[in-house]
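Here is the naming used below: chain letters follow the sequence lines, and residue numbers restart at 1 for every chain.
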There are 2 protein chains.
Amino acid sequence: MTDTDLKTRIKEVAVDHFNRNGYYGTTIRNIAKDVQCSLPMIYYYYKNKKDLFDEIIKKDYFALLKRRAEQLHADNIIDFYTEFVYELNNLSSYDRKVYRLGIKVYLSFDGDEELMEIMDEWEKTLVARHHQLVRPHLQGADNDVAVVRTLIHLLENLIESIVVKNRFHSEEEIREEIAIVLRGC
Amino acid sequence: MTDTDLKTRIKEVAVDHFNRNGYYGTTIRNIAKDVQCSLPMIYYYYKNKKDLFDEIIKKDYFALLKRRAEQLHADNIIDFYTEFVYELNNLSSYDRKVYRLGIKVYLSFDGDEELMEIMDEWEKTLVARHHQLVRPHLQGADNDVAVVRTLIHLLENLIESIVVKNRFHSEEEIREEIAIVLRGC
DNA sequence: GTATAATACTAACGAACGTTAGGCGAAGGA
DNA sequence: TCCTTCGCCTAACGTTCGTTAGTATTATAC
């Protein structure tokens, strides 16, 4: 096993533990036990516990968000959002845990102020992007701002249901709900 | 200060700490410090840490949900849900923290399996109640099941935004969004 | 072959944790 | 008046925590 291999395995186990027990409920000892390595090896690859947690959010979580944003390619707006949500069902086990941990931090249920601020910044750019995407399809509607707001609320809750509560939603279900909000299109 | 007074103060501080730092991040010592009482006093009123946490969820959280469900009285369906969500802005500081902690458990970000099961039971009765309330107003619609589902997703996310993320939503904002989903009414 | 760096370990540090033993003073009924 | 109960405390129990000092093993470079 190479060094990077062990470093990756440590992070995989850490994501699992942080998810299950939170930052304070996770111990370096338990991570080491599950990785089947000695305790100081974790300090060999990561400065400390906080550094390990932060790297998961700052690197892996945002890399996942960016990767997902890039691989979209539907031209119809309802198809676009349907695919965006439905593809969450096919997330790898690791990605799903990273996503879940990210949402936990986004809701300030874990992590610190610094991470929260990064999340807020991302959210702002995301809301702006949704407006750009949807509003051209809602020309003439007097409540277009409210529609985008409603859509974002729906999307957030669908994402949470799949990623956090681990529930399955079929493609038709998702499309139906998005179509209800975007009925004007 | 009477005995019940101290017991209440302990729980108030505990709610605050559990909210801010989670179950494992909260220590009996820090609670005692904020309450300005000695450490064993907490064991005088509560069996142990888990007992204190469980009582907040089992008693206070569900009492809050029931209280909110009872005091509703709008006859128009859109007014009804608008009021239901908007009134969250006027929650007392303590109730808001209890609600937030409840949502944290509901999303299995804290607490244990037992509490989660109680939450799941409540959710089932809630979903059934929403169907009963909304479907009479959607007679003839072929997608009534999807509309109720969409409405629940919207409500959940609005509640989360107010209670968890501590954001303000005006009555008009809320009414606008609910009306978009219930456009058929 | 020998020095250097990277990878891994055992063992321990001090601090903080949940919890409890045991005692103190005031209040109230006998 | 004595004795029990209640509300409250100081002090400590044993355990676990994050973290590090110090050392062994291996691979690479010269």
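Going from atom CD1 of A:Ile42 over to atom P of D:dT20 covers 13 Å, rounded to whole Å. Distance A:Met41 CE to D:dT23 C1': 14 Å, rounded to the nearest Å. Between the CG atom of A:Asp51 and the P atom of D:dG18 there is a distance of 15 Å, given to the nearest Å. In this structure, B:Lys7 places its NZ atom 14 Å from P of D:dC6, rounding to the nearest Å. Rounded to whole angstrom, the span from the CG atom of A:Leu6 across to the P atom of D:dT25 amounts to 20 Å. We find that OH of A:Tyr44 is positioned 18 Å from P of D:dT23, with the value rounded to whole Å. Straight-line distance from the CZ atom of A:Arg9 to the C1' atom of C:dA8: 14 Å, rounded to whole Å.
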For B:Leu115 and B:Lys58: C-alpha separation, side-chain torsions, deciding distance, then whether side-chain contact (heavy atoms from CB on, under 4.5 Å) applies. CA-CA 8 Å; B:Leu115 292 178; B:Lys58 286 184 187 169; 3.9 Å; yes
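With sequence neighbours left out, B:Tyr43 forms a side-chain contact (heavy atoms from CB on, under 4.5 Å) with B:Ile28, B:Leu39, B:Asn48.
Between the side chains of A:Glu156 and A:Tyr106, at least one donor N or O sits under 3.5 Å from an acceptor N or O.
Ion pairing of A:Lys124 with A:Glu121 is present here, as a side-chain N (NZ or NE/NH1/NH2) and a carboxylate O approach within less than 4.0 Å.
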Expected string for nucleotides 12-22 of chain C under the B/S/- scheme (protein heavy atoms, under 4.0 Å, primed atoms plus P, OP1, OP2 as sugar-phosphate) is B----BBBBB-
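Here the rule is side chain to side chain donor-acceptor pair (under 3.5 Å) with B:Arg96, and of B:Asn166, B:Asn90, B:Asn19 only B:Asn166 fits it.
Below 30°, between 30° and 60°, or above 60°: for B:Phe53 and B:Phe18 the angle between ring planes is above 60°, a perpendicular geometry.
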